[in-house]
Engineer: 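The following block contains the structure, expressed as C-alpha cells.
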2 protein chains.
Amino acid sequence: MIEHSEAPSSPNRAQSDSGKLIREITDDGESPMEDTRDTSPVTMATLAKRVGVHISTVSRALQEPRQHTTNKTTLIIRELADQLDFQPDATASRLRTRRSRLIGVTVPSLTDPVHATTYEGIDKQALRRGYSTMLSMSANLDDRSPSRANSLIRSRVEGIIIQDTFEGDLLPATLRKRHIPYVMCLRKNDDEVSVAVDDLLGGRLAAEHLAAAGHTEIAIISPDSSVSTGRDRVEGFRRRMLELGTRIDDSRIVPAGFDIASGQRAAETLLDWPKLPTAIFASNDLTAAGIMFRLREAGITIGRDVALVGYNDIEISKHLPVPLTTIASPLHEVGARSLDTLVEAIEGRTPRSLKLTPQLLARESTLAFAPVNA
Amino acid sequence: MIEHSEAPSSPNRAQSDSGKLIREITDDGESPMEDTRDTSPVTMATLAKRVGVHISTVSRALQEPRQHTTNKTTLIIRELADQLDFQPDATASRLRTRRSRLIGVTVPSLTDPVHATTYEGIDKQALRRGYSTMLSMSANLDDRSPSRANSLIRSRVEGIIIQDTFEGDLLPATLRKRHIPYVMCLRKNDDEVSVAVDDLLGGRLAAEHLAAAGHTEIAIISPDSSVSTGRDRVEGFRRRMLELGTRIDDSRIVPAGFDIASGQRAAETLLDWPKLPTAIFASNDLTAAGIMFRLREAGITIGRDVALVGYNDIEISKHLPVPLTTIASPLHEVGARSLDTLVEAIEGRTPRSLKLTPQLLARESTLAFAPVNA
DNA sequence: CTGAAAGCGCTTACAG
DNA sequence: CTGAAAGCGCTTACAG
C-alpha cells in the first residue's frame, strides 16, 4: 500500500536519487499506519508490510545495489529503506547464509605500536574487501592457550589472523581441526602460512651496517626467543656477522621483552659487564629506546661511545634523544597482505607465505661509525 | 543412546572432572555412528542425537554451568561437549535471545597510544562482565558521519562507547533514535553521558604549575578545538591563568593535531614569532614531543630556555630527550568505567557522567622553573 | 519478475 | 526434570 505524495512532509530532508516515490514515514507517530510507532528496530518484514510486498522481495531488492535498476518496486523498497535508515540484521543473515563476513584477529596487545599498526592495516584492507574484523587481545586474557580464540570461533569468524603466535602454540592445530582458515601475521610458526617481514634479512642488514663500521665487540638484546621475530632477527644478524668474520658468543645475547622498561633492564645487565660492547643490536625499537635511556643516564653517549641499532622503525624512533638507526618494517603492508592471504584461503585457494622486505635506516645512533664504503 | 566404556580410546587426552561417562568420539572417523564424520561444525543437534536427548535438553544443560549439578544427563552432555570442544554458535543465540552481548566501540585510531590504552581498558572490563567488543576505527573509514557506526548497528551491538566524538557529531542523535544506549568516552559532547578526565582541572593544574614559576609569556598548542579534550584543557588553563593574573590572548593559541608531526609544525610557528614564549602548554603529549624535537633542532633547550607541559603521560613522555612535565590521565580507568557506565544504561538504569581526576607530574621540561612554594 | 516455504542454530515458555 | 513447538530475521532454491 503505497501513497505517492506531491509534497513530502519534511522537504528539508535529503532525498534519495530515486525520487519521492513514497511519502515520508517517521517513527514519531506521523504515519497513519498502525503498529509501526513502536520502539523495536525496523526489519525487512516492516518494509514488506509497508510497501505491500513479500519479505523475500524486500530481501532481493536490497541485495547488491545494482546501480541501474528500473524496477519500480525495487526503487520504492530502497527508498523506504533509506528513509527509515534501515540496517539489516547481520546476525540473521550470518546465521542464514553461514557466512559471517567476519575476520578474527588475535593480537598480544594494542599499546605496542608495532601490533597496532599491523592491525590497522588488516582492518583497513578487510573493510575494503567487505569484511569486518573482531579482536582477541591476549593482554586482556592472560591466556596463551588456543582458547584465546574461542570467542572468535563462537562468533563464527570465517578465518583468523594470528598475530600473537609463539613456539609451541597449539592454536593452529585447533583451527585446522575445525577447518577454520588462518594465517600467521608478523610472526612465523613452523610451516604455517605466514605474512611477515624477512627478519633474517633484517638481521643481516643490521650486521652489515655494524660490521662495515668495524665493530666486533657486539651485544644482542632480543625480546623473547619463543617468538619467531626475535629468533630470526638474531639468527640473521649472527650468521652474517660470522660470514664477515665476527663470531658472537651466546653469552653476549641478553634476553628482554618488547617494551621500554625491559630495554632499560637489559642495559643494566650490559653495565655490569666487565667491558661495554662497542655496538648493540636490539631486535625491537622500544627495547632499543629503553637501552638508550638507561645508558644515557649512565653517562654513555649513544652513537659515539656505543652504536645502537633497533628494529621496525616505529614513529618515535627518529625522534629519540639520539635518532635511532633501525630496520624499517612495512607493518601496515604486512597487515594488508595478511588479510589478502587469509581471504585467498577462505575462498578455497591455497595461498603461499609472503616475506616482505625490510630496509636499513641509518641515523645518528650509529653515526660515528658510518659504513666505510657508504 | 549412550555407550559407557571402561577404556577410553584416547587415554592420553585430558578428561573432564565429571569422569569418563561416555566413550570418546573423535571426528576422524573412529565413531561407529553414522553421519558424524563430516566436516561441518558440531551443533547442539549433534550433541542431542549423540546423547539421545532432545536438543532443548542440551541447550539447558550447557547454560550457566552451575557447579554442583548431580543431574546425570546434564553431566553426560557437558562431558561430550568438552570432548568435542563444542563452541555454541553465538550468531544463533544472539538472534534468538535478541541479546548480542556485544559492545561497539568507535575510536579515531589505535596507533595513538591514548586511544589504544583506553580501548584496552574497555575491552578488559567488557570481558570481565561477559561482553565482547567490536571496533569501528574512523581512521580506516575517513568518515566522521553517523554511518561510521553502521557496521556495529548491523551486528546489533547492545550499546556503543563513542571514543571519537567531536563538536557537531550526529552519532548520538542517531543512536538515541534507534534506542541504542551509548556513552561518550574520553571526550565529552554537550549533555551526553560521558566518562572522561576532568580536563578543566587538568588545564588548571598546568596553569598553576607554570604560574608558580612566574611565567607570563605563554603559548598554548591545542589539538583541534572541535574536540572537548582540547577545548577544556585550554579553557581550564586560561581561566586559571587569568585568576592568577595572566591573560593569554587568542593570538597565542596555536592549533595542532594529535601527533608528533603536527607538534613540530606548531613549533615552527612559534619560531616565527618575534619573541619566543617562556612557557608552552601543549594539550597532548605527542604534540608536546613534536614541539620539543623541533625546538631542540633550533638549538633551544627545553626546561631551561623554555618550559613545556604536556597532557596524558603516555609511556614515552618520561623518556623524551628532556623528560616531560605532564598531566597524567587514568586512561585505562577511563576505559573500564566507560564500560561499566554503558552496561548500567543497557540494564535500564540511568547512569551519570563521570569525571576522573588527573594529576600533575613535574619533570625536567619545567625543572628550571620549579614552583616557588614547592 | 514475485510469492510462499523452508531453514540457519539456537532459546524458552508451555505441557507433561 | 524433559520433549515438542515456535520463532528470532534473514536468504534462497522453487514455482508460477
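Chain identifiers are assigned alphabetically (A, B, ...) following the order of the sequence lines, protein sequences preceding nucleic acid strands; residue numbering begins at 1 within each chain.
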Engineer: Select from A/Thr57 and B/Ala45 the residue whose nearest nucleotide in DNA chain C is closer to the 5' end of that strand.
Structural biologist: A/Thr57
Engineer: Round to a whole Å and report the spacing from CE of A/Met44 to P of D/dT11.
Structural biologist: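 It is 4 Å, rounded to the nearest whole Å.
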Engineer: Take the protein atom NZ of B/Lys49 and the nucleotide atom P of D/dA4, then report the distance between them rounded to whole Å.
Structural biologist: 15 Å
Engineer: If pairing requires Watson-Crick or G-U wobble contacts with both distances under 3.5 Å, which nucleotide is the partner of D/dA4?
Structural biologist: none
Engineer: Are A/Pro172 and A/Leu175 packed together at the side-chain level, in the sense that at least one heavy-atom pair is separated by less than 4.5 angstrom?
Structural biologist: no
Engineer: Short question: side chain of B/Asp89, backbone of A/Arg156 - any donor-acceptor pair under 3.5 Å?
Structural biologist: no
Engineer: Starting from P on C/dC10, measure out to CG on B/Leu62 and report it in whole angstrom.
Structural biologist: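 These atoms are roughly 9 Å apart.
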Engineer: Given the structure, check if the side chain of A/Arg60 and the base of C/dG3 hold any donor-acceptor pair shorter than 3.5 Å.
Structural biologist: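 Between C/dG3 and A/Arg60, which were checked side chain against base, a qualifying N/O pair under 3.5 Å is present.
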Engineer: Check whether any side-chain N or O of A/Arg98 sits under 4.0 Å from OP1 or OP2 of C/dG9, and answer yes or no.
Structural biologist: yes
Engineer: Partner of C/dA13 by Watson-Crick or G-U wobble geometry, both contacts under 3.5 Å, or none?
Structural biologist: none
Engineer: Would you indicate which nucleotide in C/dG3, C/dC10, D/dG9 comes nearest to any side-chain atom of A/Asp89?
Structural biologist: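 Nearest listed nucleotide: D/dG9.
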Engineer: Contact between A/Pro108 and A/Met137 at the side-chain level, heavy atoms closer than 4.5 Å - yes or no?
Structural biologist: no
Engineer: Look at the side-chain N and O atoms of A/Thr43 and state whether any lies under 4.0 Å from the OP1 or OP2 oxygen of D/dG9.
Structural biologist: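 Negative; the distance criterion is not met.
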Engineer: Find the distance B/Gln87:CD to C/dG9:C1' and express it as a whole number of Å.
Structural biologist: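 In whole Å, C/dG9 C1' lies 15 Å from B/Gln87 CD.
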Engineer: Closest to the A/Ser56 side chain: D/dC10, C/dA4, C/dC10?
Structural biologist: C/dA4
Engineer: Given 3.5 Å as the limit, does a donor-acceptor pair link the side chain of B/Arg78 with the main chain of B/Ala61, or not?
Structural biologist: yes
Engineer: Please state how far atom CD1 in A/Ile153 lies from atom P in C/dG9, giving the value in whole angstrom units.
Structural biologist: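 In whole Å, C/dG9 P and A/Ile153 CD1 are 17 Å from each other.
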Engineer: Grab the CD-C1' distance between A/Gln63 and D/dT11 for me, whole Å please.
Structural biologist: 7 Å
Engineer: Which of these nucleotides, C/dT2, C/dC10, D/dG9, is closest to any side-chain atom of A/Arg96?
Structural biologist: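 Taking heavy atoms from C-beta onward, the closest nucleotide is D/dG9.
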Engineer: Would you kindly give the CZ-to-C1' distance between B/Arg101 and C/dC10, to the nearest whole Å?
Structural biologist: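 So the CZ-C1' distance, B/Arg101 to C/dC10, works out to 16 Å.
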Engineer: Return the nearest nucleotide to the side chain of B/His54; candidates are D/dA4, C/dT12, D/dG9.
Structural biologist: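 Nearest listed nucleotide: D/dA4.
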Engineer: Does D/dT2 have OP1 or OP2 under 4.0 Å away from a side-chain N or O of B/Thr73?
Structural biologist: yes
Engineer: Are any side-chain N or O atoms of A/Gln87 and backbone N or O atoms of B/Ile153, one a donor and one an acceptor, separated by less than 3.5 Å?
Structural biologist: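 Judged by distance alone, no pair lies under 3.5 Å.
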Engineer: Could you give the CD1-to-P distance, from B/Ile76 to D/dT2, as a whole number of Å?
Structural biologist: 10 Å
Engineer: Could you check which of D/dA5, C/dC8, C/dC10 has an atom nearest any side-chain atom of B/Ser93?
Structural biologist: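 Closest of the options to the side chain of B/Ser93: C/dC10.
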